[in-house]
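Report on the structure given below.
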Amino acid sequence: MDFKYDVIVIGAGHAGNEAACAAANMGSKTLLITMDMNKIGQMSCNPAVGGIAKGQIVREIDALGGQMGIVTDRSAIQFRMLNRSKGPAMWSPRSQSDRHQFIQEWIKIITNTPNLSIWQDTVRQLIIENAEVRGVITALGVEMRAKSVILTAGTFLSGLLHIGKSQLVGGRISEPASFGLTDQLKSVGFATDRMKTGTPARIDGRTIDFSKMSEQVGENDFHKFSFLDSVSRNLKQMSCWITYTNEKTHDELRKGLADSPLYNGQIQSIGPRYCPSVETKIVTFADKLSHQLFLEPEGVDSQEYYINGFSSSLPLDVQINAIHTISGLENAQIFRPGYAIEYDFFDPTQLKHTLETKFIKNLFFAGQINGTTGYEEAGGQGLIAGINAHINCHGGESFVLGRNEAYIGVLIDDLVTKGVDEPYRMFTSRAEYRLILRQDDADIRLTPKAGHLGLAEKHRLSLLNSKISIQQDLLHFVKNYSIKPAHINAFLASTGSSELKHGCKLHDLILRPQFGIHDLSDAVPALKEKLNAITDRKDEIVEATEVLLKYEGYIEREKQIADKLLRLEHIPLRGRVDYANILSLSTEARHKLLKIDPETIGHASRIPGISPSDVNVLLVLLGR
């Protein structure tokens, strides 16, 4: 057997799978190494994909020819579009997945991708020669050579699990940790530290009293993650259930704090501030009498439920006693307790924007080892690492996404320029251009780039061109079709919108907030006829077009701001602003700016704790 490859990917999680598929689909001879071929794409924690800002990342992965959106749609058991009450920049798709089916869909893709091989083993050492990676050596003693190596080890590097005072070595429950790579990388100059994450207990659904909970049903409309028309959501759709902790729950949890690894000194590493354990919640928010919990199904044919909001590393008996105080869970049986896990990560400022390391040529890091948390952030990094690993092997210009091009660009720029002081999670607030980074237009933004890279097939490009053509035709129609008061005033009155005194273009009516384009089509036969003529992906395209119409001015202004800020990247700042007296800056921003005294606006924008709004304040002060 010839163990020579273009690209070797270590780890078959969300980052590793995207990296391996991207490199292989671009033409690299690729090897994916995993400890267990039966757990490819395992959802270590929550059985869900997407959410606030994360859903946008998955749409971007799909638009770039990645796989996460396809896998999620095919394994979806509940879909919801979050933040519908807000503007379209905030709309975020989220899907519950059948955990087992999610793995099976990944296995189908991985095992049927040309140029991609799998090897079940553990990597113990990298082969590094003259500050360049040359391959890997596995636990079986196999030496494998490659031009590029991508490390996506997730939580497995020196992984240590905590349940009360009990400690187990592992990368996940019942799965071994990986040792050797961290020490090797430290020896060649890499800075490393420890992070902590956690997961809740899993509940036996047969012992849950759902009648005491509120049902949360999904949405069964046209929305999904993949832009491909050949991908759909076909599994049985299931409900989630909402319940709450109470004062009795908190009393039971407090009894165990002395034995909590988070508070007895057992865990020293950095935990996720935005996804705290339940014991952290009752300490940090001591005045709150309850916390919302979600019971989420793990699969169509499973009785396993994930208790979202109840992550814990408290002793087993404390977890059980606390769970039994929750409405609907009085008689609950658990399949396994919650636990915390500590693992090694590497300071991401040691990476280039391509995710290649600065110290070792052709070595790439992606996923949680870069200090991130979440399947989506990992998948986005893996895709970019896989693309650039292929380019390093075969030549070409490096592929980097800007902050004005994708949430993935924001994610990577934040990591490599600011570093992390806690597990990084994407939010819409991190993106200063979020109105032009919407989930509905990820294909328009990124699929042409995928086509250039060779990651978008002809059919995907054809779907994009069709969407753009239909959008442009519809935009032209509504901007030029005239409406007379006599034909529309009755409809306007019925919606509470002011009546017309003079004729106007249809476009002007669509801008009104009281109704949408479909509502208006009931009163304008020509518009209904125009919409009915759209036979392919009608709802998706009409919704995206309506967003463009209603928010056209805001979108154009944000594009202008993005262009302007790119030009102003190197504006000198040092010595020009008295930060201490600028109350419109956040308190954290004032402290950081006084301490670091950045040279330029660009430098200031990359300081951890400096938000996009703080940067805008500085620009205004400088007359920009």
Side-chain angles (χ1 to χ4, degrees), residues 53 55-56 59-60 63 81 83-93 222-223 227 402-407 409-410 428-429 431-448 464-483 488 491-492 495 497-498 500 502-524 526-531 533-534 537-567 612 616:
Q56 283 89 327
R59 293 281 269 174
E60 291 175 353
M81 183 67 74
N83 277 344
R84 273 298 210 167
S85 62
K86 301 179 181 179
M90 309 295 283
W91 295 353
S92 302
F222 64 92
H223 289 106
F227 289 97
R403 298 182 69 92
N404 62 325
E405 293 178 303
Y407 271 91
V410 175
T428 51
S429 58
E432 57 269 49
Y433 311 120
R434 54 186 172 271
L435 190 52
I436 57 176
L437 302 182
R438 305 181 313 280
Q439 58 84 29
D440 65 88
D441 76 337
D443 55 343
I444 293 175
R445 287 185 279 121
L446 299 174
T447 296
L464 173 65
N465 291 333
S466 173
K467 175 179 178 178
I468 293 173
S469 176
I470 294 170
Q471 274 192 343
Q472 293 303 314
D473 181 57
L474 187 54
L475 288 169
H476 181 267
F477 173 79
V478 300
K479 289 182 177 181
N480 289 279
Y481 188 84
S482 297
I483 295 287
I488 200 67
F491 168 79
L492 295 177
T495 63
S497 186
S498 59
L500 293 179
H502 307 284
C504 70
K505 299 299 183 184
L506 184 56
H507 169 265
D508 299 320
L509 292 179
I510 292 176
L511 298 182
R512 296 191 180 191
Q514 291 89 352
F515 44 80
I517 194 169
H518 283 290
D519 303 317
L520 192 57
S521 69
D522 291 332
V524 183
L527 176 59
K528 181 177 283 291
E529 183 180 347
K530 194 71 176 176
L531 297 184
I534 303 172
R537 297 171 298 146
K538 173 183 174 180
D539 292 326
E540 173 195 335
I541 294 175
V542 171
E543 180 182 78
T545 306
E546 185 172 5
V547 169
L548 288 177
L549 286 165
K550 284 185 176 291
Y551 294 88
E552 183 177 26
Y554 299 103
I555 292 169
E556 186 58 35
R557 185 173 67 181
E558 192 157 286
K559 287 180 179 178
Q560 292 174 2
I561 292 172
D563 292 340
K564 186 176 183 180
L565 286 177
L566 288 174
R567 294 196 303 270
N616 286 334

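When all heavy atoms are compared, the tightest approach of Ser497 to Arg512 is OG-NH1, 2.7 Å. A pairwise comparison of heavy atoms in Glu432 and Pro612 identifies CB-CB, 3.6 Å as the closest pair. Annotation for Thr428 and Tyr407: closest pair CG2-OH, 3.4 Å, computed over non-hydrogen atoms. For the pair Tyr433 and Ala562, the tightest heavy-atom approach, listed with the atom from each and the gap, is CE2-CA, 3.4 Å. Taking both residues in full, the closest heavy atoms of Tyr554 and Leu435 are given as CB-CD2, 3.4 Å, listed atom of the first, atom of the second, then distance. Nearest heavy atoms, Leu437 versus Ala406: CD2-N, 3.4 Å.
Considering CG of Asp441 and CG of Leu548, their distance stands at 7.0 Å, rounded to 0.5 Å. Distance OH/Tyr551 to CD/Glu546: 9.0 Å, rounded to 0.5 Å. Atom CG of Leu475 and atom OG1 of Thr545 lie 5.5 Å apart (nearest 0.5 Å). To the nearest 0.5 Å, atoms CD1 (Ile468) and CG (Asp473) are separated by 13.5 Å. Note that CD of Glu60 and CD of Gln56 are 7.5 Å apart. Values are rounded to the nearest 0.5 Å. One finds the CD1 atom of Ile470 at 5.5 Å from the CD1 atom of Ile534 (value rounded to the nearest 0.5 Å).
Around CZ of Phe222, the count of heavy atoms belonging to other residues, nucleotides or ligands within 6.0 Å exceeds 12. The local environment of NZ in Lys559 is sparse, with at most 12 non-hydrogen atoms from other residues, nucleotides or ligands closer than 6.0 Å. Around CZ of Arg84, the count of heavy atoms belonging to other residues, nucleotides or ligands within 6.0 Å exceeds 12.
Under the 3.5 Å distance criterion, the side-chain polar atoms of Thr495 are matched with a main-chain donor or acceptor of Leu492. When atom types are taken as modelled, the side chain of Glu405 and the backbone of Arg445 share no donor-acceptor pair closer than 3.5 angstrom. In this structure, Arg59 contributes its side chain and Gln439 its backbone to a donor-acceptor pair below 3.5 Å. A distance-only check finds a donor-acceptor pair linking the side chain of Asn83 to the backbone of Met90 [under 3.5 Å]. Listed for the Glu540 side chain is no donor-acceptor partner under 3.5 Å among the backbone atoms of Asp440. Checked by atom type and distance alone, the side chain of Trp91 pairs as donor or acceptor with a backbone atom of Lys86 at under 3.5 Å. Remark: the backbone N or O of Ile510 is paired with a side-chain donor or acceptor of Lys550 at under 3.5 angstrom. Glu558 places no side-chain N or O within 3.5 Å of a backbone atom of Ile555 that could act as its donor or acceptor partner.
Under 4.0 Å is where a charged nitrogen must lie from a carboxylate oxygen, and between Glu543 and Arg438 no such pair does.
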Tyr481 vs Lys530, side-chain contact (heavy atoms from CB on, under 4.5 Å): CA-CA, chis, key distance, verdict: CA-CA 11 Å; Tyr481 188 84; Lys530 194 71 176 176; over 6 Å; no
Apply side-chain contact (heavy atoms from CB on, under 4.5 Å) to the pair Ser482 and Lys505, showing each step before the final yes or no. CA-CA 4 Å; Ser482 297; Lys505 299 299 183 184; 3.0 Å; yes
Stepwise side-chain contact (heavy atoms from CB on, under 4.5 Å) test for Leu509 and Leu500: CA-CA 10 Å; Leu509 292 179; Leu500 293 179; 4.2 Å; yes
What verdict does the side-chain contact (heavy atoms from CB on, under 4.5 Å) test give for Leu531 and Leu474, after you've listed the backbone C-alpha separation in whole Å, the side-chain angles of each residue and the deciding distance to 0.1 Å? CA-CA 8 Å; Leu531 297 184; Leu474 187 54; 4.1 Å; yes
Would you mind writing out the side-chain donor-acceptor pairs for residues 514-523 within the sub-3.5 Å range, not counting sequence neighbours?
{"from": "Asp519", "atom 1": "OD2", "to": "Gly516", "atom 2": "N", "distance (Å)": "3.0"}
{"from": "Ser521", "atom 1": "OG", "to": "His518", "atom 2": "O", "distance (Å)": "2.6"}
{"from": "Asp522", "atom 1": "OD1", "to": "Lys528", "atom 2": "NZ", "distance (Å)": "3.0"}

